[in-house]
Student: 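Take this structure first; my questions come after.
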Amino acid sequence: MGDGDEELVRRWEREQECLKQRLVEEDTEAWQKNPNFSGLHRVGGVDLSFIKGDEVSACAQLVVLSYPDMELLYECSEMVTLSAPYIAGFLAFREAPPLLQLLQRLEREQPSLMPQVLFVDGNGLFHYREFGLACHLGVLSDLPCVGVAKNLLQVQGVAKTDEHLSQISALKKAGDTFPLTAASGRTLGQALRSSNSSTKPIYVSVGHRISLDTAVHLTHSCCRYRVPEPIRQADMRSREYLRTHFPPTSSE
DNA sequence: GCGACAG
DNA sequence: ATCTTGTCGC
């Protein structure tokens, strides 16, 4: 981040504070309260992939999978030009606009395939100001959203301490969790061992219109591998798109 | 100078 | 995010 962005950051902080008023941190859907999520048929995933030396071009991806079978129902890849830089804590201002575009396009062209919940690559409530990308996207789309981060964000007193490492060691099987507790005492998310074959947990937090407990159990039920299938598919397909449409060149 | 820094 | 292939193991 260069300097002279302090003005921008202050504006973005105000925007997060404003959008946060509309955040819903509880279950709002009937399927969320049912035993095995009966009534849930479509889960979505979004992601962006980049070309090595290019800061502004990206492939935005939306996939919709069937639940619980995780079969592909819809997919859309689109090249986009990002208008904001990446600044830690403000990922949404860079990535949310193109992802919202994809959702609007789906709503226009295939409304019956709109996902009932969206998995987002990044944090939700587990964030500097408790309003990460998954919350931002959730509020603006009004879709239930779950935030899933692959790396621990060290904020609000949560850190990679010896205690944290020992908690990770204590995750013995898929589905095991431990809470991510802020210095304030509030639980901002859960570390989840998502598969038996991976020791490294993923970090789940509330995005919008879903409780943390529901978010964690749903995430677990969507994991064939470490990363929940909707995000994994979005990631793989957006990279595949770049490979075929923008093959690496020797120059540059 | 060193470590952090979602993606 | 991206830079990067093969390799060891189940």
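In what follows, chains are A, B, ... by sequence order, proteins preceding strands, each numbered from 1. Below, all heavy atoms of this structure are taken into account, side chains as well, without hydrogens, waters or symmetry copies.
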Student: List in numerical order all residues of residues 171-197 of chain A for which some heavy atom is under 4.0 Å away from an atom belonging to DNA chain B.
Tutor: none

Student: Is the closest basic N to carboxylate O distance between A:Arg243 and A:Glu240 below 4.0 Å?
Tutor: yes

Student: Under 6.0 Å from the CG atom of A:Asp162, do we count more than 12 heavy atoms belonging to anything else shown?
Tutor: no

Student: If the sugar-phosphate is the primed atoms plus P, OP1 and OP2 and the base is the rest, what is the B/S/- string for nucleotides 2-7 of chain B, using protein heavy atoms under 4.0 Å?
Tutor: --SSBB

Student: What is the distance from atom SG of A:Cys135 to atom CZ of A:Arg129, rounded to the nearest 0.5 Å?
Tutor: 12.0 Å

Student: Check which hydrophobic residues are tied to A:Tyr225 through side-chain heavy-atom contacts below 4.5 Å, counting indirect links as well, and list them.
Tutor: none

Student: Taking a pair as Watson-Crick (N1 to N3 plus N6-O4 or O6-N4) or G-U wobble (N1-O2 and O6-N3), both under 3.5 Å, which stems of 3 or more consecutive pairs involve DNA chain C?
Tutor: none

Student: Would you mind checking if A:Asp235 and A:Arg232 are paired as a salt bridge, meaning a charged N to carboxylate O distance below 4.0 Å?
Tutor: no

Student: Can you give me the dot-bracket string for DNA chain B, 5' to 3', counting Watson-Crick and G-U wobble pairs with both distances under 3.5 Å, using [ ] for crossing pairs and | for partners on another strand?
Tutor: .......

Student: Are there over 12 heavy-atom neighbours, none belonging to A:Met236, within less than 6.0 Å of that residue's CE?
Tutor: no

Student: What is the distance from atom CG of A:Leu65 to atom SG of A:Cys222, rounded to the nearest 0.5 Å?
Tutor: 8.0 Å

Student: How many angstroms lie between CG in A:Asp47 and CG in A:Leu62, if you round to the nearest 0.5 Å?
Tutor: 11.0 Å

Student: I'd like to know whether the aromatic ring centres of A:Phe131 and A:His127 sit less than 6.0 Å apart in this structure.
Tutor: no

Student: Counting distance only, does the side-chain N/O of A:Arg193 pair as donor-acceptor with the main-chain N or O of A:Ser195 below 3.5 Å?
Tutor: yes

Student: Contact boundaries of DNA chain C with chain A (under 4.0 Å, heavy atoms), 5' to 3'?
Tutor: C:dA1 to C:dC3

Student: Between CZ of A:Arg42 and OG of A:Ser66, what distance do you get to the nearest 0.5 Å?
Tutor: 10.5 Å

Student: Where the side chain of A:Arg226 meets the backbone of A:Pro201, is there a donor-acceptor pair that is under 3.5 Å apart?
Tutor: yes

Student: So which of A:Ile231, A:Val227, A:Thr214, A:Val146 actually passes side-chain contact (heavy atoms from CB on, under 4.5 Å) with A:Thr219?
Tutor: A:Val146

Student: Can you tell whether the side chains of A:Arg10 and A:Glu7 come within less than 4.0 Å, N to carboxylate O?
Tutor: yes

Student: So, A:Arg22 side chain and A:Asp142 main chain: donor-acceptor pair closer than 3.5 Å or not?
Tutor: no

Student: Write down the distance separating the C1' atoms in C:dG6 and B:dG1, rounded off to the nearest Å.
Tutor: 37 Å

